[in-house]
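Below is one structure; the comments refer to it alone.
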Number of protein chains: 2
Amino acid sequence: MATMHDVARLAQVSVSTVSYVLTGTRPISQATRNKVLAAMAQLEYQPNAMARGLASRRSRILGLLMPMDERGLGATETAFVTGAAAAASVAGYHLVLSPVGGGDLDDLRRLASQRMLDGVVLMEVQLADERVTVLQEAGVPLVLIGRTGDTSTLSYVDIDFDQTVREAVAHLVGLGHRRIVYVNHSAATLASGYGPALRTRDAFTAAMTGHGLEPVMIAAEDSAAGGRAALAAAFAQAPELTAVLAMNETAIFGILGELTGRGLSVPDDVSVVSMVTSPQVAELATPALTAMTSPGSALGRIAIEALTRHLDGPADLRHQQLLPCTLEIRGSTAQPRSRHPLGADQ
Amino acid sequence: MATMHDVARLAQVSVSTVSYVLTGTRPISQATRNKVLAAMAQLEYQPNAMARGLASRRSRILGLLMPMDERGLGATETAFVTGAAAAASVAGYHLVLSPVGGGDLDDLRRLASQRMLDGVVLMEVQLADERVTVLQEAGVPLVLIGRTGDTSTLSYVDIDFDQTVREAVAHLVGLGHRRIVYVNHSAATLASGYGPALRTRDAFTAAMTGHGLEPVMIAAEDSAAGGRAALAAAFAQAPELTAVLAMNETAIFGILGELTGRGLSVPDDVSVVSMVTSPQVAELATPALTAMTSPGSALGRIAIEALTRHLDGPADLRHQQLLPCTLEIRGSTAQPRSRHPLGADQ
DNA sequence: GTGAAAGCGCTAACAC
DNA sequence: GTGTTAGCGCTTTCAC
């Protein structure tokens, strides 16, 4: 493996000249630049990443920190990861995937102090997330996918849950639905301060109230069984429901199964809208699900871009951005079979 | 950020002594070790990863190379990634996720020559995969998830497709099915030399022939529509089919939808078995799919373990291992409604 | 059992 | 516009 010295010797210049043609941090005459480039090509020279990192104090490695919990990544989270990986690659960075659970604060501190990561993207952020503090204390540049409760000082990209819920509800209301039930994540998830669950809950309440309708929310476990149970609970609480809006991607298939099991047809008897969903998953259902398509890989990409801009750029600009999910109408929504006049219960 | 020198000064020993208590590559008296440890704790010392990497010529970073094609990762591939990430973390390595397409051979060469990666796990291996050659030439230790055509000299872990298909067929035949159609990936995928598609095709033929049955295979595009089309083709080629075995996880939901659309019930009219599937996906269907559950994260884990063993261990032992998928019987298989006596064609 | 010192392969002052 | 050289923070001979 050729080193910079070899290149310098062959090109008959000094090492620093070689270094400067590589980094471009000072003007080099075209003649010597060509000599150097030729020598590099001839020797198939590739700079040693570790040496470069040590000397420059920049590893050109970014971290993607994801809590590795139970059931692995869903399609949406996977899209974050692949989007981030692709963007990092484009920006000339490497991306390391670090599974750091919420409990491993010491691991995180260690990771942050190793000076291996130039910056970090944090996934699955909680409203109160100690990892943010640890990272900030260690002085590691940080971009969140998601938001903490207080975001005044942080860079983040997140889904615009307000807007997403508003659009979903508007779609259903526009079709004539009045009795809409929102199936959220589990009560435990809500209690743990999981931002998406809390924000969508509030947004749903606001949206329904805004339409003069009563918001009914059910918390469902992340499973098909959870979905079935949720539907039963939904009918108990709102017997005349004509539409279900579901945040819980896993539960939604249970809901569909249970609907069929009860002899109800989608969308004729009940319309179903899936929130924050990937097209691939939406297409799995029969009928294919009308869904709010999550900006999955875009979120990962934007987070990385904000981070690299921060690292390569001059100032410490904050980047705060919300992206809505986009409504994609498929086969699971339609007008309710029987319209009830406004305000006419039962 | 404290350095080794700081620790040495505080502990009143030489830097080399500090280094040796860290690496354990030479005996240190209990007394001095304690002094050093105390100093490290007091200064919250963390070794600098770049400096260590440069001096030791080992970065303790592994690469996970995945071709970033169109539709992103499926649940099975995602499990490889998360399994690998977790295992790397346990082994004290970092894992960088490198999207290197089949076309980016030069990118790969560059990556391999940077000396940033101690070793590499290659995903989505083709039967003839040039990336393997590039990596071998660059002298980067390598483990495959999947197999090339000639594996004599390589380390790999892969799914045991033979056994998986054999078990799936045995399950259906055991239930009394005689007319079984295999829905594979698309013709294009087969033509491209995608190992799993080719191996399962051959295994299906062998398994069916072994039971004295006629193998019928349909190639399906990776989409719900592809699944619908495949089912139509299947009925055209084998009108009395009673069971479908499907490799194509995406198509299978289209198949289920089309079955329902034709007024056929699963499993009463047609049994369905999904191959190389994650439980999460199998549970989405109604009825939940009887499936050959892929050893997803185990494959990622074993690949990383083999790689680290190779790197940390002495010899250059090859690791070659096949893991079968395990049959999980759920609701989509049952005895065929009407048994046909052996050989009695409609 | 411990220390001194020579690198590892670069970057970035500081010279001219 | 180019060269010299002092680090970057470790590991690892070599010496005792």
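Any value given below was found using the heavy atoms of this structure, including those in side chains, with hydrogens, waters and symmetry copies removed. All chains are named by letter (A, B, ...) in the order of the sequence lines, taking the proteins before the strands, and each is independently numbered beginning at 1. Small disclaimer: the values here were computed from a predicted structure and weren't measured.
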- Item | D:dC10 OP1/OP2 closer than 4.0 Å to side-chain N/O of B:Y20 | no
- Query: Do B:T32 and B:S29 have side-chain N/O donor and acceptor atoms under 3.5 Å apart?
  - Reply: yes
- Message: For C:dA12 and A:R26 - does any side-chain N or O of the residue sit under 4.0 Å from the phosphate oxygens OP1/OP2?
- Response: no
- Message: For D:dT11 and B:S19 - does any side-chain N or O of the residue sit under 4.0 Å from the phosphate oxygens OP1/OP2?
- Response: yes
- For A:S14 and D:dG3, is the shortest distance between a side-chain N/O and OP1 or OP2 below 4.0 Å? yes
- Query: Between A:Y45 and B:T32, who's closer to the 5' end of DNA chain C by nearest nucleotide?
  - Reply: B:T32
- For C:dG1, does either OP1 or OP2 sit under 4.0 Å from a side-chain N or O belonging to B:S29? no
- Message: Does D:dG9 have its OP1 or OP2 closer than 4.0 Å to a side-chain nitrogen or oxygen of B:T3?
- Response: no
- Item | N/O donor-acceptor pair under 3.5 Å between A:S98 side chain and A:V100 backbone | no
- Item | Nearest-angstrom distance from the residue atom CZ of B:R52 to P of D:dG9 | 14 Å
- Message: Please classify the nucleic acid contact of A:T23 as base, sugar-phosphate, or nothing, using heavy-atom distances under 4.0 Å.
- Response: sugar-phosphate
- Task: Ignoring backbone atoms, establish whether A:R57 has a side-chain N or O less than 4.0 Å from OP1 or OP2 of D:dC8.
- Result: no
- Candidates D:dC10, C:dA5, D:dT2 - which lies nearest the side chain of B:V15: C:dA5
- Query: So which nucleotide from D:dG3, C:dT11, D:dT11 ends up closest to the side chain of A:V13?
  - Reply: D:dG3
- Task: Name the closest nucleotide to the A:S16 side chain, picking from C:dC10, C:dG3, C:dA12.
- Result: C:dA12
- Task: Measure from CG on B:N48 to C1' on C:dC8 and round the result to the nearest Å.
- Result: 13 Å
- Task: Using only side-chain N and O atoms of B:T17, determine if any of them is under 4.0 Å from OP1 or OP2 of C:dG3.
- Result: yes
- Partner of A:V134 under side chain to side chain contact (heavy atoms under 4.5 Å, CB included), chosen from A:D129, A:D107, A:L105: A:L105
